[in-house]
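Labels below follow one simple rule: chain letters A, B, ... track the order of the sequence lines, proteins then strands, and each chain is numbered from 1.
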Number of protein chains: 2
Amino acid sequence: MNIGEIARRSGVSRSTVSYALSGKRSVSEATRQRIQAVIDELGYRPNAAARALKEGRTRTLGLVVPPPRRRLTPAQLEFVAGVVEATDRADLDLLLSPSGDDHDRSFERIVGGRRVDGVILMEIRLDDTRVRRLQGLRLPFVTIGRTARPQGMSWVDVDYAALIGRCVDHLADLGHRHIALVNRSAELLASGHGPAHRAKEGFADAVTRRGVEGVEVGCADDVAAGEACVQGILSAHPEVTAIATINEAALPGVQRALESAGLDVPGRFSIAGVTARHRAEQFHPQLTAADVPAVDMGATAVDFLVERITEPDAPPRRHLFVPPISLRNSTGPVPAPR
Amino acid sequence: MNIGEIARRSGVSRSTVSYALSGKRSVSEATRQRIQAVIDELGYRPNAAARALKEGRTRTLGLVVPPPRRRLTPAQLEFVAGVVEATDRADLDLLLSPSGDDHDRSFERIVGGRRVDGVILMEIRLDDTRVRRLQGLRLPFVTIGRTARPQGMSWVDVDYAALIGRCVDHLADLGHRHIALVNRSAELLASGHGPAHRAKEGFADAVTRRGVEGVEVGCADDVAAGEACVQGILSAHPEVTAIATINEAALPGVQRALESAGLDVPGRFSIAGVTARHRAEQFHPQLTAADVPAVDMGATAVDFLVERITEPDAPPRRHLFVPPISLRNSTGPVPAPR
DNA sequence: TTGTAAGCGTTATCAA
DNA sequence: TTGATAACGCTTACAA
């Protein structure tokens with residue numbers, strides 16, 4: 001079933017069928033209807049590969065996701081959801097590439113084989129080899145998160161530094177003088193993970209600015225690590241009365257550790273963070289947090305990417321999201337010292 | 001950058017380059033190395049669209065997912081993860097199509113435009129229009145879940161009827177005589193949702209077989225519905241001492257309702273279900289449940305699909321998973337009547 | 001208003 | 001061992 005067959009059965013040339021479909025040339029109403037009838041009868045749809053070959057574009061976007069072996073965080077899931085929806089709204093298709101490190105086969109296939117018109121990258125390192133590869137190929141791309149030198153690229157990101165600063169401000173305003181930062185893991189930090197670095201910096205700045213004591217601890221992205229991490233803080237730094245965190249995956253463990261230590265939240269201990277709304281609401285009690293607008297961010301990334309594809313010479317676009325902190329029930333005044 | 005350019009620079013014909021790459025014809029070691037050097041230098045990769053056009057296959061699978069507007073359940077997420085990983089292992093690409101209902105634009109693009117060599121469908125209805133469309137197109141597909149008449153098709157599924165039966169058995173063995181089934185929503189049931197139907201049937205069978213009282217209630221896929229649903233059961237049927245459920249998304253609400261009713265689990269109330277392991281372990285106390293092996297199921301679906309693509313005449317494959325019930329801490333002997 | 005034909009980048013057949 | 005060439009299905013410039 002191809003365009004030639006449709007042409008034959010409608011008694012016209014292939015170009016007329018093509019033009020009837022695209023509307024790029026006027027076709028008499030009579031023949032247009034005849035062609036349409038044949039198309040409907042046979043259920044014809046143009047072959048995407050042939051069209052891509054001829055037009056030099058695939059009408060497809062690529063989304064590079066972290067390998068799903070290790071469960072994605074709620075915010076990551078919402079990035080994906082936002083990208084999926086926005087791509088669909090733009091009538092484009094979406095190719096998924098699970099690629100953690102560089103030189104991933106699937107990444108190379110998609111990107112080198114020109115299977116997509118542009119790529120959305122998430123989980124960006126401060127120095128990211130995939131970014132450099134894409135720049136070398138001159139393939140349009142947008143990052144969710146940003147490198148250390150994001151000039152000249154299109155990206156969306158959350159201002160982790162500012163948000164962690166606001167968490168510290170909020171806690172300090174409530175009288176807390178000893179605050180711990182539960183960051184992402186030390187490995188991630190060492191590998192140049194942007195949010196981990198920027199949270200660390202924002203925390204250090206805020207702590208000096210407010211003249212309070214800060215402890216920063218790394219924590220892997222899982223429940224057990226969260227529990228162990230908080231236990232560690234409580235025993236090594238018993239003076240700490242509040243936590244600020246960007247580690248979504250650890251939150252259930254954090255909660256568990258606080259519960260088993262018998263520390264009532266927010267009566268005896270406070271916690272504030274940066275996380276997807278869903279996670280904040282699942283926390284017990286509900287978590288005071290800056291809600292990462294991840295669905296919006298995914299959709300915005302798609303918008304930016306479409307713009308880079310259709311107008312390669314337009315200046316790059318960027319958006320740094322700074323969502324407000326939603327006051328919920330996990331923060332309260334510092335308890336009177338015993 | 002195309003094969004002609006590589007040929008020119010290597011001083012050979014395009015066919016020689018093609019054969020050097022595919023190995024389908026012997027090429028002298030000397031020229032092979034010369035060609036490879038040029039390829040490496042220029043970073044050439046064959047254009048996927050041209051290859052797809054010529055070969056008549058895309059090396060791409062399609063995965064039709066429920067629109068992510070409404071958060072996917074843990075089991076659905078694990079299906080996707082399993083499919084993503086297995087597709088990657090098979091060196092194939094994966095095109096994502098968010099399509100709930102029929103006549104979805106993205107579904108039609110992927111399937112009608114022959115963008116994929118085969119399709120994996122999830123959230124199957126007992127009578128599913130997408131399945132019929134795929135059969136009409138003679139496009140290979142595999143379903144996660146199955147229709148009312150799954151003969152002649154390849155599928156993987158979980159035996160919800162049997163598993164809910166086992167939950168009832170387990171609860172009845174513990175002395176419970178009044179058991180409620182928290183099913184998926186009435187709308188889903190009405191629309192012919194397989195698991196909802198099969199859970200309902202399995203529950204009805206088991207309840208008669210064991211001579212206990214059964215109450216079946218529909219419940220939407222969210223926390224609030226779960227809470228309301230359990231409150232309804234407790235007030236309308238105060239004699240109920242145990243719940244069996246397949247509704248993952250409602251579980252946090254179920255837990256909340258039980259807690260606020262002051263019903264200790266498993267001391268005063270028991271609950272068993274069918275859900276992803278992750279969800280079972282998140283429940284408090286950890287949930288006695290048949291753990292849906294969703295990652296395996298996704299991977300198996302990919303295996304079946306690849307087989308249907310490469311050997312269209314081989315008999316269809318199917319696998320009905322019946323995972324054992326993992327005894328955790330949410331079920332106990334029926335409490336003595338007050 | 002419509003038709004003819006070139007060309008997109010591959011692979012594979014037929015010749016040499 | 002290698003090269004020339006047709007063909008995959010489409011879009012579009014050029015003719016009529």
*Any idea which of D/dA4, C/dT2, D/dT11 is nearest the A/Arg14 side chain?*
D/dT11

*D/dG9 phosphate, OP1 or OP2: any side-chain N/O from A/Lys54 under 4.0 angstrom?*
no

*asked:* In this structure, how many angstroms lie between the C1' atom of C/dC8 and the CZ atom of A/Arg59, rounded?
replied: 15 Å

*Of the listed nucleotides C/dG3, D/dG9, D/dC10, the one nearest the side chain of A/Arg25*: C/dG3

_Atom pair distance, as rounded to whole Å: CD in A/Gln33 and C1' in C/dT1_ = 16 Å

*May I ask you to say what B/Gly11 touches in the nucleic acid, namely base, sugar-phosphate or nothing, with a heavy-atom cut-off under 4.0 Å?*
sugar-phosphate

*Rounded to whole angstroms, how far apart are CE on B/Met1 and P on C/dC8?*
15 Å

*A/Lys24 side chain near D/dT11 phosphate (N/O to OP1/OP2, under 4.0 Å)*: no

*For C/dT1, does OP1 or OP2 lie under 4.0 Å from any side-chain N or O of A/Ser26?*
yes

*To the nearest 0.5 Å, what is the distance between OG (B/Ser18) and NZ (B/Lys54)?*
10.0 Å

*asked:* From CG of B/Leu53 over to P of D/dA7, roughly how many Å is that when rounded to an integer?
replied: 14 Å

_Distance alone, cut at 3.5 Å: any donor-acceptor contact between the side chains of B/Thr60 and A/Arg115?_
yes

*Is it true that the side chains of B/Thr31 and B/Ser28 contain a donor and an acceptor less than 3.5 Å apart?*
yes

*Using modelled atom types only, decide if a donor and an acceptor are shared between the side chain of B/Asp117 and the backbone of B/Thr58 within a distance under 3.5 Å.*
yes

*To the nearest Å, give me how far apart CG (B/Asn47) and P (C/dG9) are.*
7 Å

*asked:* Consider side chain to side chain contact (heavy atoms under 4.5 Å, CB included). Of A/Met153, A/His193, A/Arg146, A/Arg130, which one does A/Ile124 pass it with?
replied: A/Arg130

_Any B/Ser18 side-chain N or O less than 4.0 Å from OP1/OP2 of C/dT11_ = yes

*Report the nucleotide, chosen from C/dT2, C/dT4, D/dT11, that has the shortest atom-to-atom distance to any side-chain atom of A/Ser28.*
C/dT2

*Measure from CZ on B/Arg114 to C1' on D/dC10 and round the result to the nearest Å.*
16 Å

*Can you tell me if the side-chain N/O atoms of A/Thr31 get under 4.0 Å from OP1 or OP2 in C/dT2?*
yes

*asked:* Starting the side chain at C-beta, find the nucleotide from C/dT2, D/dC10, C/dG9 nearest to A/Arg51.
replied: D/dC10

*Are any of A/Tyr44's side-chain N or O atoms less than 4.0 Å away from OP1 or OP2 of D/dC10?*
yes

_Presence of salt bridge, A/Arg8 and A/Glu5, under 4.0 angstrom_ = yes

*Nearest whole angstrom, please: distance from the C1' of D/dT11 to the OH of A/Tyr19.*
7 Å

*Please figure out whether A/Arg32 or B/Ala49 has its closest DNA chain C nucleotide nearer the 5' end.*
A/Arg32

_Spacing between A/Glu5 atom CD and D/dC10 atom P, to the nearest angstrom_ = 11 Å

*Selection from C/dT2, D/dC10, C/dT10 that lies nearest to any side-chain heavy atom of A/Thr16*: C/dT2

